[in-house]
Amino acid sequence: MPVVLGFEGSANKIGVGVVRDGEVLANPRRTYVTPPGTGFLPGDTARHHRAVILDLLQEALTEAGLTSQDIDCIAYTKGPGMGAPLASVAVVARTVAQLWNKPLLGVNHCIGHIEMGRLITGATSPTVLYVSGGNTQVIAYSEHRYRIFGETIDIAVGNCLDRFARVLKDVAERMLSTGECTPEDLCFSLQETVFAMLVEITERAMAHCGSQEALIVGGVGCNVRLQEMMETMCQERGAQLFATDERFCIDNGAMIAQAGWEMFQAGHRTPLSESGITQRYRTDEVEVTWRD
Amino acid sequence: MGGRDTREGRGLLQRSQEAREHSGSVCRTAPYLVSTSTLSVPFPTPLEAEIARGSLAPDAEPHRGAVGKELKVSGSVLAVCWRAEDSRLLRVSIVSFLEQLSLVVRTMQRFGPPVSR
């Protein structure tokens, strides 16, 4: 019954989770929130993570009712994500792995979302829509890889929706001042259009793979309208939609622990010399040896 | 433009002339000024110095071309040696390293000492 500790901090959320045989024993998390109208920068985000990570680690162990010796493996986010925050979390993972003499596992952040989605919802082999502030990908499993069937090449959907606030303040002034439309009209139009694109691409992937299951993961997956639109598409195809709640859609430590658990069972290990973080880490770079 | 390390020992003027000749479309008119910096961090035991090195060495420098550092352990001391062509990037790298080092030390204080091997 291996127990895996997972560290996540690739963007503005920092979480430490504990998973044992498919059970989430602890999953505390903190979010670095910047003032309205501003985004989060790598240096400040890393500073935030460094300030709270050790408390979070202690919280996770206490909540799980475990000591360091009960942990069998230390998993952490190797990438993708922002450099300084990733590194701040990775050094703690490496330090405790060495202090407690436990194996280390570098986990792909996107795969963390997928494995937690599969665990929590029970979906067997879904077509995955992974949509967040930092990533937007349509993924399906095939022959030991999570293959990317579609992705945005310029900006992630979550980031796009957030940045639109700046557009509303400057560029859209002309349209808004004439009374042609309201800010609500513009936001609604953006969201409906972007979500419709996501649903369409997901549907195409499902048709291509003959899949009857769809799974939404990532922070934007919390959006009720997106879930509604996906549900409509799924119903029309006789397919089933799976989604998680905000404990697991949003970045968290337990998802890294869960992916780490699968990898650990399958024999993966990350030697210290290969444990460097990487801002670019493709979902299909990992050999998914724990699935058939 | 390769072979920077071999240019030490030759005059600044000669080096800057070579830079102009070899650079092609990239023109650097200022001579190379390589700055170095060293830091020695004492730990209670050699094992702890090794653990710190193990935690801090794997992540690559963000500006790999312009700043490089090397971490070595001798006895209970972690020795860090920087080489940089840009003093601002050197400063950024050192500050960043100190912040990470501080985190490693705090982690060791809170979750150590290392278990016996």
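In what follows, chains are A, B, ... by sequence order, proteins preceding strands, each numbered from 1.
For the residue pair Ile51(B) and Gln98(A), the shortest heavy atom distance occurs at O-NE2, 3.1 Å. The two residues Ser55(B) and Arg94(A) have their closest heavy-atom pair at O-NH1, 2.8 Å.
The line from CZ of Arg50(A) to CZ of Arg106(B) is 8.5 Å long, rounded to the nearest 0.5 Å. The CZ atom of Phe111(B) lies 5.5 Å from the CG atom of Leu54(A); values are rounded to the nearest 0.5 Å. Summarising the geometry, atom CG belonging to Leu99(A) is positioned 8.5 Å from atom CG belonging to Leu47(B); distances are rounded to the nearest 0.5 Å. For the atom pair CG (Asp59(B)) and CG (Leu86(A)), the distance works out to 8.5 Å, reported to the nearest 0.5 Å.
Each of Glu48(B), Arg110(B), Met108(B) was compared with Thr95(A) under the side-chain contact (heavy atoms from CB on, under 4.5 Å) criterion, and only Met108(B) meets it.
Arg47(A) is listed as a side-chain neighbour of Glu99(B), based on a closest heavy-atom distance under 4.5 Å.
The number of heavy-atom neighbours closer than 6.0 Å to CD of Glu70(B), taken from other residues, nucleotides and ligands shown, is 12 or below.
Chain B forms the most heavy-atom pairs under 4.5 Å with one residue out of Gln69(A), Gln58(A), Gln279(A), and that residue is Gln58(A).
Residue Ile53(A) touches chain B through its side chain alone, counting heavy-atom pairs closer than 4.5 Å.
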